[in-house]
Amino acid sequence: MTDNQSTTPTDFIRAIIQEDNRTGRFGGWVHTRFPPEPNGYLHIGHAKSICLNFGVANDFGGKYNLRFDDTNPTKEEHEYVQSIQEDIRWLGFDWEDRLFFASDYFEQLYEYAVRLIKKGKAYVCDLSADEIREYRGTLTQPGRESPYRDRSVEENLDLFERMRASEFPDGARTLRARIDMSSGNLNLRDPILYRILHESHHRTGDKWCIYPMYDWAHGQSDSIEGITHSICTLEFQDHRPLYDWFLDELEIFHPQQIEFARLNLNYTVMSKRKLLQLVNEKRVSGWDDPRMPTLSGMRRRGYPPESIRDFAERVGVARNESVVDIALLEYCVRQDLNRCAPRVMTVLNPLKVVIDNYPDDLVEEMQAINNPEDPSAGTRNVPFSKVLYIEQDDFREDPPKKFFRLAPGREVRLRYAYFITCTGVVKDPQTGEILELHCTYDPATRGGDAPDGRKVKATLHWVSAQHALPIEVRQYDRLFLVENPYQVVEGQTWLDNLNPNSLEILDPCYAEPGLKSAQVLDRFQFERQGYFCLDPDSTTDKLIFNRTVALRDSWAKIEKNL
Ligand code: ATP
Ligand code: MG
């Protein structure tokens with residue numbers, strides 16, 4: 001027995017399941033599934049659905065399936081089948097041997113359709129797609145019955161078999177359920193079950209030229225797999241009466257459908273069609289562009305899977321639509337990385353510092369802490385020498401109030417090293433650009449404290465110039481400029497809301513030499529900057545780091561508000 005069976009459930013779905021278990025409705029058994037259509041990569045919304053479906057099964061000691069709802073041969077591709085599996089595994093779930101495809105049930109679904117025909121509950125219709133739409137009526141007007149609605153069972157069986165046998169061209173006929181053309185629920189107005197489509201399918205090849213509609217395939221696939229709780233998003237609520245009708249007419253195992261609200265995030269789009277457009281129009285580098293809300297994009301950007309699961313849990317499940325602030329996701333990412341990511345020193349916008357009183361050839365190894373949150377991560381040595389790089393932002397020739405970092409005549413601490421005092425500024429005589437700083441150090445402050453007890457107000461990170469590892473850094477900002485990309489002024493489209501500065505490349509940046517051994521997707525905290533992850537575009541000659549998420553920069557905040 002797991003906790004969820006005895007304690008208060010955390011959401012309304014778990015409450016329903018707990019009640020079903022109490023009444024013994026499914027014999028106490030819980031079996032869920034995640035049913036993606038392989039027509040795009042998974043995004044963070046799908047992650048919510050996965051965490052919910054698979055999480056529920058885990059909580060109740062049940063099982064979960066991965067099933068591809070691959071009923072549409074024109075839009076589905078093998079690439080997506082692969083990527084979806086990779087992403088779910090990465091997220092931390094294992095469907096064991098329970099990988100299924102709706103296309104595996106085509107024969108069974110065909111038989112079910114024959115069963116409906118024999119009961120007089122389905123018919124072959126010769127209306128065109130346009131005519132069917134026209135006959136369908138509207139929310140306020142009932143539909144009209146198709147002139148083919150009263151065909152005999154024999155004729156329907158014959159025509160349906162010939163549809164399958166490729167006797168008719170695309171669109172010539174459909175198989176429709178015979179329900180109620182005046183139903184208040186448009187889904188019940190004789191919906192199409194099968195259409196003719198002479199297209200190759202990624203798994204069944206040319207075996208079929210009729211394909212089941214999603215609505216016909218989905219509920220029956222759940223039934224075939226013995227899914228007890230068929231969890232789906234709210235837009236399927238109005239389809240539930242149809243699914244119930246199918247299952248009842250067929251008299252087969254009847255899962256319980258439960259709907260919940262989709263996850264929406266601000267500053268992004270989540271429709272697969274829109275994401276595909278971004279990819280096709282090369283607005284991003286691909287489905288796994290680190291700015292994309294896809295799981296492959298987030299993986300490449302450095303988001304740990306734990307943080308996505310944590311996010312899904314914090315967001316919870318509800319029955320009303322809402323938009324979640326992307327800052328919550330970033331918070332979860334920071335929380336997780338703060339715990340796990342080793343710290344390193346890197347300088348992103350380098351400013352050269354010469355320590356005039358430091359011996360020319362001396363190199364000292366300074367001991368640095370790998371992760372203050374995790375003592376077991378130990379320490380490493382970082383080389384220190386006469387010429388260093390610090391961050392341009394850490395120096396102001398004319399420091400404003402509250403700027404406590406380096407300035408002429410001022411003393412600061414170099415992390416894990418010495419106190420230094422700025423004694424001179426070398427500038428380009430033409431442009432006035434600061435080329436390098438001259439400083440002195442106090443040898444008595446090694447390790448970062450002054451024996452006389454004097455204090456400094458800032459601690460800067462640094463990299464020894466002669467040991468520096470040049471790296472490229474890709475800094476990402478929100479993909480869209482506005483919270484709701486679909487809100488546009490007249491004459492513009494959602495694409496006009498794209499942030500033109502969502503990618504900034506810094507090259508060269510300098511890192512402490514130990515970073516050379518980083519492996520693709522390894523994550524780090526670059527001290528005082530943020531979290532970064534090694535991009536797969538890296539080569540042995542050139543390491544490229546993606547900024548996963550920035551740390552909060554207190555000075556930048558003050559400056560903005562000045
Ligand atoms: P489409 O609109 O193209 O069908 P989809 O996002 O519904 O796209 P599916 O592959 O059908 O894509 O989704 C698989 C499962 O993920 C479905 O059960 C769907 O309800 C769920 N899902 C999709 N988007 C979200 C979201 N934003 N939040 C929560 N669940 C989602
Ligand atoms: Mg869908």
Side-chain angles (χ1 to χ4, degrees), residues 11-13 32-57 64-72 74-77 79-85 87-88 91 93 95 99-103 202 212-215 217-219 221-222 225 227 229-240 243 255-279 287 292-298 308-309 311-326 328-329 484-486:
D11 56 62
F12 77 95
I13 291 181
T32 60
R33 83 290 175 264
F34 175 65
E37 208 177 318
N39 61 354
Y41 280 58
L42 296 183
H43 54 59
I44 182 81
H46 295 121
K48 172 178 173 172
S49 178
I50 295 165
C51 291
L52 175 63
N53 274 294
F54 294 3
V56 157
Y64 53 82
N65 297 354
L66 169 60
R67 181 180 70 245
F68 287 98
D69 267 339
D70 55 349
T71 52
N72 184 352
T74 53
K75 285 204 228 139
E76 293 158 2
E77 283 173 36
E79 177 195 349
Y80 300 135
V81 171
Q82 289 307 312
S83 75
I84 288 170
Q85 294 186 56
D87 289 349
I88 299 175
L91 197 55
F93 294 100
W95 53 89
L99 168 65
F100 301 104
F101 292 84
S103 55
H202 76 115
M213 300 300 288
Y214 182 85
D215 275 349
H218 188 78
S221 299
D222 280 349
E225 290 175 16
I227 300 304
H229 298 86
S230 177
I231 301 170
C232 61
T233 38
L234 279 180
E235 72 272 21
F236 290 105
Q237 184 167 313
D238 290 345
H239 298 241
R240 181 165 17 110
Y243 298 173
Q256 172 65 54
Q257 175 169 311
I258 311 170
E259 305 89 10
F260 71 100
R262 271 178 185 261
L263 170 72
N264 301 299
L265 265 191
N266 59 8
Y267 295 102
T268 192
V269 295
M270 233 140 36
S271 136
K272 282 189 279 190
R273 207 164 50 83
K274 296 276 191 303
L275 296 175
L276 180 63
Q277 193 178 342
L278 292 175
V279 172
W287 283 100
M292 291 280 268
T294 53
L295 293 186
S296 52
M298 291 180 176
I308 295 176
R309 297 202 303 265
F311 171 73
E313 197 165 312
R314 283 170 194 268
V315 168
V317 279
R319 288 206 29 100
N320 51 321
E321 290 276 348
S322 65
V323 181
V324 175
D325 194 336
I326 197 163
L328 177 63
L329 177 58
N484 177 3
Y486 296 122

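Quantities reported herein were computed from a predicted structural model and do not represent experimental measurements. Atoms within each ligand, like the ligands themselves, are counted from 1 in listed order. FYI, side chains are in, hydrogens and waters are out, and symmetry mates aren't considered; it's all heavy atoms of this structure.
- At a 4.0 Å heavy-atom cut-off, ligand 1 touches Pro35 through backbone and side chain alike.
- Taking any N or O of Lys272, backbone or side chain, at least one lies under 3.5 Å from an N or O belonging to ligand 1.
- With respect to Glu235 and Arg262, a salt bridge is recorded, a charged nitrogen being found less than 4.0 Å from a carboxylate O.
- Aromatic pair Phe260/Phe236: ring centres not closer than 6.0 Å.
- Ion pair Glu225/Arg67 flagged as a salt bridge, since at least one NZ, NE, NH1 or NH2 atom sits closer than 4.0 Å to an Asp/Glu carboxylate oxygen.
- Each of the atoms 16 (O), 21 (C), 30 (N) of ligand 1 lies under 4.0 Å from some heavy atom of Ser49.
- Aromatic ring orientation, Phe54 versus Tyr64: parallel (interplanar angle below 30°, classes split at 30° and 60°).
- The contact set between ligand 1 and Pro36, taken as ligand atoms under 4.0 Å from a residue heavy atom, comprises 10 (O), 14 (C).
- A 4.5 Å side-chain heavy-atom check between Cys51 and Ile308 finds every atom pair outside the cut-off.
- Atoms of ligand 1 lying under 4.0 Å from at least one heavy atom of Thr233, given by number and element, are 19 (C), 20 (O), 29 (C), 30 (N), 31 (C).
- Among Glu235, Glu37, Arg273, Arg262, the residue whose heavy atom lies nearest to atom 2 (O) of ligand 1 is Arg262.
- For the pair Leu263 and ligand 1, the shortest N or O to N or O distance falls below 3.5 Å.
- Under the 4.0 Å criterion applied to side-chain N and carboxylate O atoms, Arg240 and Asp238 are not assigned as salt-bridge partners.
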